[in-house]
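Input: a single structure, listed below in C-alpha cells.
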Protein chains: 2
Amino acid sequence: MPATLEPSPVKPDTREQLKTAQDEFIRRWGEMGATWGINRTMAEIHALCYITAQPVCTDDVMDRLHISRGNASMSLRALCDWGIIRRLHKRGERREYFESLSDVWEIFSIIAAERKRREMDPVLETIKRCQQMLDESTLGKAAAKQEAVELTRQRLASMEEFMSVTNKIFQQFVSNARTGLNRVVRVLLKAL
Amino acid sequence: MPATLEPSPVKPDTREQLKTAQDEFIRRWGEMGATWGINRTMAEIHALCYITAQPVCTDDVMDRLHISRGNASMSLRALCDWGIIRRLHKRGERREYFESLSDVWEIFSIIAAERKRREMDPVLETIKRCQQMLDESTLGKAAAKQEAVELTRQRLASMEEFMSVTNKIFQQFVSNARTGLNRVVRVLLKAL
DNA sequence: CTATTATTTCAGTAATTACTGAAAATCAAG
DNA sequence: CTTGATTTTCAGTAATTACTGAAATAATAG
C-alpha cells in the first residue's frame, strides 16, 4: 500500500493528471467534430460533459475551454436541442448545470437520426424527382433513345439504389439503438 | 408514337430537361457534401462527372458551374487525389478530360476508408493514450479510489468499445466493397 | 417592490475557408 | 529553338463561419 507517500501533494498531482488526460480527449474530439459538421467548440463542450461524467455549469465550460459566456450559452443550448446533453437543476442552487447522456450508442444514434433526416432524405427525394423529370419528359420514351439521357438515367438509378439501402440501414440502426450494442451491430459482429 | 411532334424543337427541349434534372442533382449533392466535410464546389464537380457519365474537361466544369479556372483546376486535382475521379487523355486531343468512377459503392468505400484513417483512427489512439495516462498515474491503483478518476475511466472505456466496434465495421465495409453490394451490406439486408 | 445573480441575445469583429484572375510553368508541334 | 494551347500556382480578396462582450432579459431571494 503506498501509504508512505507524502499526503499533501498526492491529491493535486492526481487531479493534474486526470485533467491532462481529459484535456487531450477533449481536444481530439473537438478536431473530429470539426470534420463532421459539428463545430469544434460544440464538440469540445460535449466532450467535456461526457468525459468528466459530472454536471458542469456555464462557468465551468468557460473556464475550462477559454471561451466567452455568449459562446458557451449558445453552444450549450444547441447541444440541448440536439438532445445529447441535458439541463439539470441542482437543489437549492441558482445556476443551471448540464450533463451528457451516458450511453455512447444512444448519443450516436441521435446524431445519426438527425443527419439522416437533414441530409440523406432530401437527397433521396431529389433523386426521385430527377428521375420523374426525365421520365415525364414531353417526349416520353422516345427521349430515352438519346444516349446522354439514358446514361444519366442509369446513374440516377444506381445512386438511388445506394441511397435507399444506406437509408434503410441507418433507419434500423437508429430505431434499435437504445442502450448498448444494438441489433444492427450485433448482427454484423456475429457475421463478420 | 409521338412522331407527329414538330421535329425541330424536339432535341433542344429534351437537352434542356436533361440539363435541368442534372443541375438539380448537382446542387443537392453539393449541399450534402458541404455538411460532410467535402466543400460544396468539389462535391458539385464530382456530381457533374458522375451524373453525366461522360468525360468533362476543365472548361466544361467552369462553364457549367460558373467557377474560375484556378478553382476548377485545384478541385479537380483534389478529386483525383481522393481517387473518385480519373484523368483521361483523349486520342489526338490536347486537353485533359476527367470522369467519375462509375460504381457508387466503390466511391463511398474510398471516402469511408480515407475518413476512417484520418479521423477515427487518431481518436481511438488518443483514447488509448488517455487510458494509459490514468493507469500509469504515479499513484497507481490508489488513485482509482477517487471518484472523479474512476468516472472518467469508465467513460473512456465505453467510448473505446464503441469506437473499436465502429472501426471494425468500417474496416469490413471498406475492404470488401468492390463493385456492387458488398458483404457488410448483404449481411445486413438479409438479417433485417 | 428592489437587489442580486444567472442567462440570452446579437451587433460587431475576428478567424477561417473558398475563390478569383493573372502570371508562371508545362507541354506538344512545327 | 519558337509558338500557341493548356494547366498550375498563388497572392490577394471575397464570403462564410465562429466568437466576443456588453446590454437586455429573466429568475430568485429578500
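FYI, side chains are in, hydrogens and waters are out, and symmetry mates aren't considered; it's all heavy atoms of this structure. The chains referred to below are lettered A, B, ... by the order of the sequence lines, with proteins before strands, and numbering in each begins at 1.
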Categorize A:N39 for me: base, sugar-phosphate, or nothing, with a 4.0 angstrom heavy-atom threshold over every strand shown.
sugar-phosphate
Considering only NZ, NE, NH1 and NH2 on the basic side and carboxylate oxygens on the acidic side, decide whether A:R28 and A:E24 come within less than 4.0 Å.
no
Can you tell me the distance, in whole Å, between the CD1 atom of A:I67 and the C1' atom of C:dT7?
14 Å
Quick check on C:dA29: is either OP1 or OP2 less than 4.0 Å from any side-chain nitrogen or oxygen of B:R94?
no
Could you tell me whether B:R153 and B:E150 make a salt bridge, using a distance below 4.0 angstrom between a side-chain N and a carboxylate O?
yes
Positional range of nucleotides in DNA chain D within the contact set of chain B, heavy-atom, under 4.0 Å:
D:dG4 to D:dC10
As a test of understanding, state which of B:M133, B:Q131, B:E161 forms a side chain to side chain contact (heavy atoms under 4.5 Å, CB included) with B:L156.
B:Q131
Using rotation axes that map the C1' atoms of four end pairs onto the next four (five pairs an end), what angle separates the end axes of the helix from C:dC1-D:dG30 to C:dG30-D:dC1, to 10°?
20°
Take A:R95 and A:M74, find for each the nucleotide of DNA chain C with the closest heavy atom, and name the residue whose nucleotide sits nearer the 5' end.
A:R95
Side chains of B:E31 and B:R27: closer than 4.5 Å at any heavy-atom pair?
yes
Any carboxylate oxygen within less than 4.0 angstrom of a Lys/Arg side-chain nitrogen, looking at B:E99 and B:R86?
no
Between B:I85 and A:L151, is there a shared hydrophobic cluster once you connect ILVMFWY residues whose side-chain heavy atoms come closer than 4.5 Å?
no
Which sits closer to the 5' end of DNA chain D, B:G70 or A:H89, going by the nucleotide each is nearest to?
B:G70
Apply the test side-chain contact (heavy atoms from CB on, under 4.5 Å) to residues A:D59 and A:R69: give CA-CA distance (whole Å), side-chain angles for both, the deciding distance (0.1 Å), then the verdict.
CA-CA 8 Å; A:D59 292 85; A:R69 185 169 300 283; 3.0 Å; yes
I'd like to know if A:R69 reaches the base of C:dT8 with its side chain such that a donor and an acceptor end up less than 3.5 angstrom apart.
no
For side chain to side chain donor-acceptor pair (under 3.5 Å), just list the numbers for A:W82 and A:E114, CA-CA rounded to whole Å, side-chain angles, deciding distance to a tenth of an Å, and then say yes or no.
CA-CA 8 Å; A:W82 272 80; A:E114 189 60 14; over 6 Å; no
